[in-house]
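This report refers to the structure that appears directly beneath it.
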Amino acid sequence: MFTPSTMGYDRAITIFSPDGKLYQVEYAFEAVRRGWTTIAARGKGGVVLAVEKRKVTPLLDLLSIEKIFKIDDHIGMTFAGLAADGRILIDYARLLAIQHKLTYDEPISVEVLTKKICDIKQSYTQHAGVRPFGVSLLIGGVDDSSPRLFMTEPSGQFMGYYAIAIGSGGQLANEFLEKNYSYDLSLDDLLILLLKALARVIEGELTPSLVEVAVIPVETGVLRKLTPEEIEAFLKKI
Amino acid sequence: MFTPSTMGYDRAITIFSPDGKLYQVEYAFEAVRRGWTTIAARGKGGVVLAVEKRKVTPLLDLLSIEKIFKIDDHIGMTFAGLAADGRILIDYARLLAIQHKLTYDEPISVEVLTKKICDIKQSYTQHAGVRPFGVSLLIGGVDDSSPRLFMTEPSGQFMGYYAIAIGSGGQLANEFLEKNYSYDLSLDDLLILLLKALARVIEGELTPSLVEVAVIPVETGVLRKLTPEEIEAFLKKI
Amino acid sequence: MFTPSTMGYDRAITIFSPDGKLYQVEYAFEAVRRGWTTIAARGKGGVVLAVEKRKVTPLLDLLSIEKIFKIDDHIGMTFAGLAADGRILIDYARLLAIQHKLTYDEPISVEVLTKKICDIKQSYTQHAGVRPFGVSLLIGGVDDSSPRLFMTEPSGQFMGYYAIAIGSGGQLANEFLEKNYSYDLSLDDLLILLLKALARVIEGELTPSLVEVAVIPVETGVLRKLTPEEIEAFLKKI
Amino acid sequence: MFTPSTMGYDRAITIFSPDGKLYQVEYAFEAVRRGWTTIAARGKGGVVLAVEKRKVTPLLDLLSIEKIFKIDDHIGMTFAGLAADGRILIDYARLLAIQHKLTYDEPISVEVLTKKICDIKQSYTQHAGVRPFGVSLLIGGVDDSSPRLFMTEPSGQFMGYYAIAIGSGGQLANEFLEKNYSYDLSLDDLLILLLKALARVIEGELTPSLVEVAVIPVETGVLRKLTPEEIEAFLKKI
Amino acid sequence: MFTPSTMGYDRAITIFSPDGKLYQVEYAFEAVRRGWTTIAARGKGGVVLAVEKRKVTPLLDLLSIEKIFKIDDHIGMTFAGLAADGRILIDYARLLAIQHKLTYDEPISVEVLTKKICDIKQSYTQHAGVRPFGVSLLIGGVDDSSPRLFMTEPSGQFMGYYAIAIGSGGQLANEFLEKNYSYDLSLDDLLILLLKALARVIEGELTPSLVEVAVIPVETGVLRKLTPEEIEAFLKKI
Amino acid sequence: MFTPSTMGYDRAITIFSPDGKLYQVEYAFEAVRRGWTTIAARGKGGVVLAVEKRKVTPLLDLLSIEKIFKIDDHIGMTFAGLAADGRILIDYARLLAIQHKLTYDEPISVEVLTKKICDIKQSYTQHAGVRPFGVSLLIGGVDDSSPRLFMTEPSGQFMGYYAIAIGSGGQLANEFLEKNYSYDLSLDDLLILLLKALARVIEGELTPSLVEVAVIPVETGVLRKLTPEEIEAFLKKI
Amino acid sequence: MFTPSTMGYDRAITIFSPDGKLYQVEYAFEAVRRGWTTIAARGKGGVVLAVEKRKVTPLLDLLSIEKIFKIDDHIGMTFAGLAADGRILIDYARLLAIQHKLTYDEPISVEVLTKKICDIKQSYTQHAGVRPFGVSLLIGGVDDSSPRLFMTEPSGQFMGYYAIAIGSGGQLANEFLEKNYSYDLSLDDLLILLLKALARVIEGELTPSLVEVAVIPVETGVLRKLTPEEIEAFLKKI
C-alpha cells in the first residue's frame with residue numbers, strides 16, 4: 001500500500017499531493033504541535049497572552065527567554081513552533097508596524113499586520129528554494145477600543161478567535177477553554193482562566209518562572225507584561 | 001500496472017504526463033474540491049455571491065473571516081481552496097482594478113480583470129520554482145448594466161457561467177442549480193435559490209453566521225454585503 | 001522490456017531520448033489531441049476558421065467563451081489544447097502585430113507573425129525551468145489579397161495548409177476535408193464544408209451556439225465573426 | 001548487464017559517460033538521422049543545395065515550407081532534424097552575416113559563419129539548463145570565387161565536404177555520391193547528380209513540388225533558387 | 001520499517017520530516033556533539049569561558065590554535081563543532097560589533113549580538129543552496145555590570161544560561177555543573193569549577209597547554225585571557 | 001559489489017567519490033583517449049607539432065580541417081578530444097595572447113598562456129551547471145630562444161614535456177618516443193621522429209593529406225606550417 | 001547494513017550525514033592523501049619546505065613543474081592533492097598578499113593569509129553549485145623574526161605545526177618526524193631531516209631532480225629555493 005511517506009509527495013519543494021495537500025506545510029504544522037503551549041484570549045476587558053516556559057535544564061536562565069513580544073504599543077505577538085523561525089517573523093512584524101506608523105501616521109491595525117505577516121508565510125509555501133515557516137503565531141491587540149485576536153498557520157492562513165491555544169498542550173487547553181470561556185469575563189478572570197488552562201497541560205506545578213503573561217486592557221490599549229509578583233498573585237487564586 | 005502515482009509525472013515541477021495532463025494542476029484542483037462550498041449566480045437583476053462558513057471550533061470568531069471581497073465598487077470575488085493562496089490573488093485583483101482606473105479613468109471590466117488574474121495563474125503552471133495556485137475564484141460584477149460571472153481554474157482557464165458552485169458541496173449544489181435556475185428570477189429569488197442550494201450541501205442547519213452573502217444589483221452596479229439580519233430574513237423564506 | 005515510460009526520458013526537463021525525440025513535446029501534443037475540435041481552410045475567396053464549443057455543464061455561458069481571436073484586422077487565430085496556454089500566445093501575437101505596425105507602418109504578414117510565435121514556442125522546448133506550450137494554433141489571414149493558413153505545433157514547427165483540423169475530432173475531420181476540399185470553392189461553400197466536417201465529429205447536433213465561425217474574405221481582407229443568425233442560416237444548408 | 005540506457009548517463013544535463021561520450025549529443029544526432037533528406041555538393045562551377053520535401057498530408061501546402069535559406073547573397077543554409085531548432089540557427093546566421101557586413105564592410109566568409117554558428121551549438125552541449133540543438137546544418141557558399149561547403153553536427157563540430165547528404169536518406173545518398181561525384185562536373189551536372197541521389201532515397205517519384213533546389217554559381221557568387229519549371233526540366237534529364 | 005535514514009527526509013535541502021523536524025539541522029547538532037568540549041558560566045563576579053584543546057599529533061602547535069575570541073572589549077565567543085564554520089561566525093560577530101559601535105556610539109549588548117548571529121544561522125536553515133552551520137556558540141559578556149551568557153544552536157535558536165557545556169564532553173560536564181554551580185561563587189571559584197568540570201571529561205591529565213581560559217570580570221567589563229602561568233596556578237588548586 | 005558506475009559518484013555535477021576522484025573529469029579524459037593522435041616535441045632546434053587526420057568519408061575535404069592553430073607568432077596549439085570543445089579553448093587562447101600583447105607590449109610566454117587556459121579548465125571542474133572540457137591541449141612555443149612544450153589535462157593540470165603524444169595512438173607513440181627521443185636532434189630529425197611515431201599508430205599508410213605539421217624554429221621563433229610538398233619530402237625520408 | 005556509500009549522504013551537494021559529517025569534505029581529503037608527499041617544518045633557524053616530484057613518464061620535464069610557490073618575500077606555499085585546485089588557491093594567496101601590502105603598507109602575516117585562504121575553502125563546503133577544494137596547503141613563513149607554519153584542510157580548518165607531512169607518504173613521514181624533530185635544530189639540520197623523511201617514503205632513490213626545496217631563514221626573512229647543486233650537496237649528507 002502506498003502512503004504519502006512512500007510516494008514522495010512530501011519530500012521535495014512544496015508541491016501538491018494527489019489529494020490536494022501541501023505536505024511540507026502539514027509537516028511544518030507538526031513542528032507547531034511539538035512546541036511549548038501558547039494560549040491567548042480576548043474578552044470585553046481586553047486581550048491576554050500566556051506562554052509556557054520549560055526548565056529544560058536546571059542551569060537554563062528562564063528570564064533570558066522572551067516568548068511574548070510587543071510589536072507596537074497596542075499589539076503583542078507570541079508563537080509555538082521553531083523558535084528561530086518565530087523570531088524572524090517577530091522582526092518582520094516590528095518593521096511592518098513602524099513602517100505603517102511612519103507612512104500613515106497612525107498605528108497599524110491588528111488585522112492588517114496579521115495579513116501582511118501571513119502574506120510572507122504564504123510565499124514560503126509557493127516558491128522553491130525555501131521551506132515554510134515552522135511556527136503558528138498568536139497576534140493580539142486592541143484597535144479602536146476593540147480587542148482582537150488572530151492565529152496564523154504555517155500555510156499563511158489566519159482566522160480570528162475568542163480564545164485559542166496552540167503547541168503541545170493546545171488540544172487539551174482548547175477543550176478546557178471551550179467549556180469555560182465567556183466574552184463577559186473581566187480581564188483578571190480571563191487571565192485566571194488562561195493560567196488554569198496552562199496549569200492543566202504542563203508537566204509539574206505552574207510557578208511564576210514557568211509562564212510569561214501579557215495583557216492589553218481595552219482602557220489603555222497598551223501591552224503590559226506581568227511581573228513575576230503579579231503572576232504569583234494570580235497563581236494563588238487558582 | 002503503472003498508474004500516474006507510481007510513474008512520477010506528478011511529483012516534480014509542473015510537466016506533461018504521456019496523456020497530455022499537468023498533474024500538479026489537477027492536484028491543485030483537488031484542493032479546490034476540498035474547500036468550503038462557494039456559489040454564485042447572475043440573473044436579470046444582478047449578481048449574487050454566497051459562501052459557506054464552517055464553525056471549525058466553538059471559539060472561532062466567524063465574523064473575523066471574510067470570504068467575499070469587494071475588488072472595486074462593481075466587482076466581487078470569492079474562492080474555494082487554499083485560503084492563503086486566495087488572499088494573494090485577491091490582492092492582485094485589487095491592485096489591477098485600481099491601476100486600471102488610474103490609467104484609463106474608467107472602472108475595469110469583469111472579464112478583463114478575470115483574464116489578467118488568470119494570466120498570473122497560468123504562469124504558475126508553466127515555470128519551475130513555483131507551484132500552481134490551489135484556488136478557484138468566482139468573479140462576479142456588473143458592467144454597463146450587464147451582470148457578469150466567471151469561474152477560474154488553477155490552470156488559468158476561465159469560463160462564464162449563469163450559476164456555478166465550487167468547493168466540497170459544489171457538485172450537489174450544481175445539480176440543484178441546473179434544475180431550478182432561471183435567468184429571469186428576481187435578485188431576491190436568485191439569492192433564495194443560492195441559499196437553498198447551500199442549505200442542501202452543508203452539514204447541520206444554515207444560520208446567518210454560517211454564510212456570507214453579497215449582491216451586485218444591476219440598478220446600482222455596486223456590491224453590497226448583506227447584514228446577518230437580512231440573511232436571517234431570507235433564510236426564513238426557505 | 002524498457003519503454004519510454006519506464007526509462008525516464010520523458011520526466012525531467014525537455015531532453016532527448018535515445019531515438020532523438022523530445023518526449024515533453026510529444027506529450028504536449030497529446031494535450032492538443034484532447035482539445036476541442038478546431039478547423040480552418042483557405043480558398044480563392046479567403047480564409048474560414050471554425051471552432052467547436054462544448055456545453056460542458058448546462059449553466060455554462062457559451063457566449064462568454066471566445067475561441068477565435070482577431071490579432072489584427074487581417075489575421076485571426078484559434079487553437080486546440082490548454083486554453084490558458086493558448087491565451088498567453090494570443091496576447092503575444094497581438095503585441096507582436098501592433099509592434100510591427102508601429103515600427104514599419106504596415107501590417108504584419110501572416111507568416112512573419114507565425115514564425116515569431118513559433119520562436120517563442122521553440123524556446124520553451126530547449127530551456128530548463130519551463131514546460132512546452134500545450135497548444136497548436138491555427139493562424140489564418142489575408143496578405144496582399146492572398147489567403148494564408150498555418151498550423152503551429154508545440155515544438156515550434158509550423159507548416160502552411162489548404163485546410164486542416166486539430167483537436168479531438170481532428171483526424172476524422174481531416175479525412176473528410178481531404179476528400180471534399182477544393183481551392184476553387186467559394187468562401188460560402190468553404191464555410192459550409194467546414195461546418196459539415198465539424199458536424200461529423202462532434203457529439204450531438206451542431207447548433208449555432210456550439211460553434212464559433214470567422215471569415216477573412218479576400219475582397220475586404222478584414223476578419224469578421226459570424227452572428228448566430230448567420231451560422232443558423234449556413235447550418236440549414238448542410 | 002549495464003547499458004547506457006540503464007545507467008543514467010544519458011538522462012540529465014549533458015555529462016560524460018565512462019566511455020567519454022556525451023549521450024544527449026548523440027541522441028540529438030538521432031533526431032538528425034530521422035530528418036528529411038538534405039544534400040549538397042560543391043564543384044568547379046559552384047555549390048548546389050537540394051532538400052526533400054514530404055507531402056505528409058494531402059492538404060499540406062508544400063510551397064509554404066522553405067527548407068533552403070539565403071543567409072547572405074553568397075551563402076545558403078539548409079538542415080536536417082528538428083525544424084524549429086533549425087529555424088533558430090538560421091536566424092542567428094542571418095544576424096551574424098549582417099553584423100559582419102556592418103562591422104567590416106565586407107561579406108562574412110562561409111567558414112567564419114560556420115564557426116560562429118558552431119560555437120553557439122557547442123555552448124548548448126556544455127552548460128546546464130539547455131539541451132543541444134537537434135539539427136545538422138549544411139552551409140554552402142562562394143568566397144572569393146571558391147565554392148565552400150560545411151556540415152555541422154549537434155556537438156558543434158564541423159568539417160568541410162565535397163558532397164554530403166544528411167537525414168533519413170543520408171547514408172544511401174552518400175554511398176551514391178561517393179561512387180559518382182567528381183569535382184570537375186559542371187554546375188548543371190552536379191545538380192543532376194544530387195537529384196539522382198535524392199530520387200534514390202525518397203519514397204515514390206521525385207516531382208518538382210517534392211524538392212527544393214538552390215545553386216550558387218562561381219561566376220555570380222549569388223544564391224539563386226530554382227523555379228519548379230527549372231526543376232522539372234532537370235528531372236526530365238534523369 | 002522506515003526510519004528517517006531510509007526515507008530521505010534528511011538528504012536534500014533543509015526540509016520538514018513528517019514529525020516536524022529539520023534533519024539537516026539535527027545532524028549539524030551532531031557535529032557539535034563531536035566537537036571539543038567547551039564550557040562557560042556566569043556568576044556575580046563575571047563570566048568565565050574555558051575550552052579544551054586536543055594534542056591531536058605530537059608536532060601540533062597548540063599555541064597557534066585560538067578557540068576563545070574577543071569580539072569586543074566586553075564580549076567573548078567560543079564554539080564547539082566545525083572549526084571553519086565557527087570562524088565564519090566569529091568574523092560576522094566582530095563586524096556586527098564594530099558596525100554597532102560606529103552607528104550608535106555605544107558597545108553592542110551581548111543579547112543583541114547573539115540575536116543577530118542567530119538570524120544568520122536561521123537563514124541557513126530555511127533557504128536552499130546552503131547547509132546549516134555546524135557549530136554551537138557560547139557568547140559571554142558583561143553589559144551594564146551584568147554578566148550575560150548565551151548558547152546558540154545550529155537552528156538559530158538561543159537561550160540564556162548560568163552555566164553550560166557543549167561538545168563531546170558536554171553532557172558529563174553539565175551534570176557536574178548542575179550539582180556544583182552557584183551564582184554566588186567568586187570569579188576565581190567559578191573558574192576553578194569550570195576547570196574541574198573539564199578535567200573530568202577530557203582524556204588524560206589537564207595541563208595549561210590543553211586548555212584556553214578567558215574571564216570577563218564585572219568590575220572591569222573587559223575580556224582577559226589567562227596566561228599559561230595563571231592557568232597552571234589554578235590547576236594546582238584543583 | 002559496488003563499482004563507481006553503480007554508485008552514482010560519476011553521474012551528477014563534478015563531485016568527489018569516496019576515493020577522492022572526480023569521475024566526470026576522468027571520463028572527459030576518456031574522450032581525449034578516443035581522439036585523433038596528436039604529437040609534439042621540443043629539441044635544441046625548436047618545437048614540432050604533428051597531428052593525424054582521418055579520412056572519415058571519401059568526400060570529406062581534409063584541407064578544410066585545421067588541427068594546429070597559431071595562437072601568436074611564437075605559439076602553436078593542437079588538441080585531442082572533442083573538436084568543438086578544443087575550438088572554444090583555441091579562441092580563449094588567441095584572446096588571452098592579444099590581450100597580453102596590448103596590456104604589456106610584449107608577447108605572452110608559453111607557460112603563462114598555458115596556466116591561464118588551465119584556470120578556465122579547472123573552473124569547469126569545480127562549479128555546477130557545466131561539464132569539464134573533453135580535450136587535452138598540446139601547447140608549444142619559443143620564449144626567449146627556448147623551446148617550450150606543455151600538455152594540459154581536462155582537470156586543468158598541466159606539465160612540461162620533452163615529447164608527448166595524446167589521443168587514440170598516444171600510448172604506442174609515447175613508447176616509441178621514449179626509446180628514440182634526444183634533445184640534441186636537429187629540428188628536421190625531430191620532425192622525422194614524430195612522423196615515424198605517427199606512421200606507427202595510424203591505420204594505413206601515412207600520406208601528406210593525412211597529417212598536419214607545424215614547426216617553431218628557435219632561430220626565427222615563428223610558427224610555420226609545412227606545405228603538403230614539404231611533408232611529402234619528409235615522408236620519403238622515413 | 002547501511003554504509004554512508006549506500007545511503008547517499010555523500011553524493012549531492014555538501015550536506016550533513018546523520019553522524020554530523022560532511023562526506024564531500026572527507027572525500028576531498030582523500031584526494032589529498034593520494035597526492036605527492038609534501039613536507040615542512042619550522043625551527044629556531046627558520047622554515048623549510050620540501051616536496052616530492054614524480055617522474056611519471058621518462059619524457060616529462062620535471063623542471064617545468066613548480067610545487068613550491070613564493071607568495072610574498074617572506075611566505076612560501078605548497079600543497080598535496082589536485083594540482084589544478086592548488087594553483088587556484090596559490091593565485092588567491094598572491095592576490096591577497098599584494099592587496100594587503102597596498103592597503104596597509106606592510107607585508108601580510110602568515111596567519112592572516114592562512115585564515116583568508118581558509119575562508120575561501122570553507123565557503124566551498126557550505127554553498128551549493130561548487131565542490132570543496134581537493135587540496136591541503138602547507139603555508140610557511142617568517143613574521144617579525146618568528147618562523148610560522150600552518151596546514152590547511154579541505155574543510156577550511158587550519159592549525160599550526162612544528163613539522164608536518166601530507167600526501168601519500170604523509171603518515172610514514174610524520175611518524176619519522178615525531179621521533180626526530182627538535183625545534184633547536186639548525187636550518188641545515190632541519191632541511192636534512194626533511195630530506196631523510198622524504199627519502200623514506202618515496203619509491204626509488206631520492207635525487208635532486210625528484211625534490212623541490214625552499215628555505216625561509218629567520219635572519220633574512222626571505223624565501224629562497226635551493227638549486228639542484230645545493231640539494232645534491234645536502235643529499236650526500238644523508
Side-chain angles (χ1 to χ4, degrees), chain C residues 2 6-22 24-25 40-42 110-111 114-116 118-130 132 147-165 171 174-175 177-181 183, chain D residues 3-15 22-35 53-67 80-92 120 124-125 127-136 154 168:
Chain C
F2 287 113
T6 64
M7 286 170 71
Y9 297 111
D10 54 353
R11 232 158 301 168
I13 61 163
T14 304
I15 54 169
F16 284 102
S17 68
D19 53 352
K21 288 192 179 166
L22 301 167
Q24 272 298 302
V25 173
R42 64 187 171 96
V110 182
E111 184 165 5
T114 303
K115 186 183 160 306
K116 281 177 185 282
C118 281
D119 286 350
I120 295 169
K121 280 184 151 189
Q122 189 276 346
S123 97
Y124 275 73
T125 74
Q126 193 169 23
H127 298 90
V130 290
R148 311 297 305 269
L149 174 59
F150 296 95
M151 191 269 277
T152 78
E153 300 179 4
S155 67
Q157 189 170 8
F158 67 90
M159 297 198 197
Y161 286 87
Y162 291 101
I164 178 80
Q171 197 176 347
N174 278 325
E175 286 167 13
L177 288 173
E178 286 164 21
K179 283 189 203 126
N180 299 283
Y181 171 85
Y183 187 80
Chain D
T3 66
S5 305
T6 63
M7 287 171 72
Y9 297 109
D10 54 353
R11 231 159 301 170
I13 62 162
T14 304
I15 54 170
L22 301 167
Y23 276 101
Q24 272 298 302
V25 173
E26 312 261 322
Y27 296 169
F29 224 142
E30 195 60 40
V32 174
R33 277 189 211 100
R34 301 165 64 100
K53 287 178 172 184
R54 290 189 196 150
K55 190 83 178 179
V56 185
T57 71
L59 292 174
L60 182 63
D61 172 16
L62 279 181
L63 280 179
S64 77
I65 302 175
E66 194 183 20
K67 289 280 290 180
L82 303 185
D85 284 21
R87 215 177 51 229
I88 301 299
L89 291 175
I90 299 292
D91 282 356
Y92 271 120
I120 296 169
Y124 275 72
T125 73
H127 298 88
V130 291
R131 60 165 175 79
F133 281 91
V135 280
S136 277
S168 62

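Just so you know, these numbers come straight off a predicted model, no measurement behind them.
Interface remark: D/Leu62 contributes no atoms to any contact with chain C (heavy atom separation under 4.5 Å). Only the side chain of D/Ile65 comes within less than 4.5 Å of a heavy atom of chain C; its backbone N, CA, C and O stay farther away. Residue D/Phe29: no heavy atom, backbone or side chain, is found under 4.5 Å from chain C. Neither the backbone nor the side chain of C/Tyr183 comes within contact range of chain D, judged by heavy atoms closer than 4.5 Å. Neither the backbone nor the side chain of C/Ser123 comes within contact range of chain D; no heavy atoms are under 4.5 Å apart. Heavy atoms of D/Asp85 lying under 4.5 Å from chain C belong to its backbone as well as its side chain.
Contact count versus chain D (heavy atoms, under 4.5 Å) is highest, among C/Leu149, C/Thr125, C/Leu177, for C/Thr125. Comparing D/Arg87, D/Arg34, D/Glu66 by how many heavy-atom pairs each has under 4.5 Å with chain C, the most go to D/Arg87. Ranked by non-hydrogen atom pairs under 4.5 Å with chain C, the options D/Ser64, D/Gly81, D/Gly134, D/Gly86 are led by D/Ser64.
D/Ile88 CD1 to D/Phe133 CZ: the interatomic distance, rounded to the nearest 0.5 Å, is 7.0 Å. Remark: C/Thr114 OG1 to C/Arg148 CZ distance equals 8.5 Å, nearest 0.5 Å.
Looking at heavy atoms from C-beta onward, C/Lys116 lies out of side-chain contact with C/Ile120 at the 4.5 angstrom threshold. Using a 4.5 Å heavy-atom cutoff, the side chains of D/Val32 and D/Pro154 are in contact. Proximity of C/Val25 to C/Glu153: side-chain heavy atoms (C-beta onward) are nowhere separated by under 4.5 Å.
Taking the six-membered ring for Trp and thresholds of 30 and 60 degrees, D/Tyr124 and C/His127 have ring planes more than 60 degrees apart, a perpendicular arrangement.
Between C/Thr152 and the options C/Lys121, C/Lys115, C/Gln157, a side-chain hydrogen bond (donor to acceptor under 3.5 Å, both in side chains) holds for only C/Lys121.
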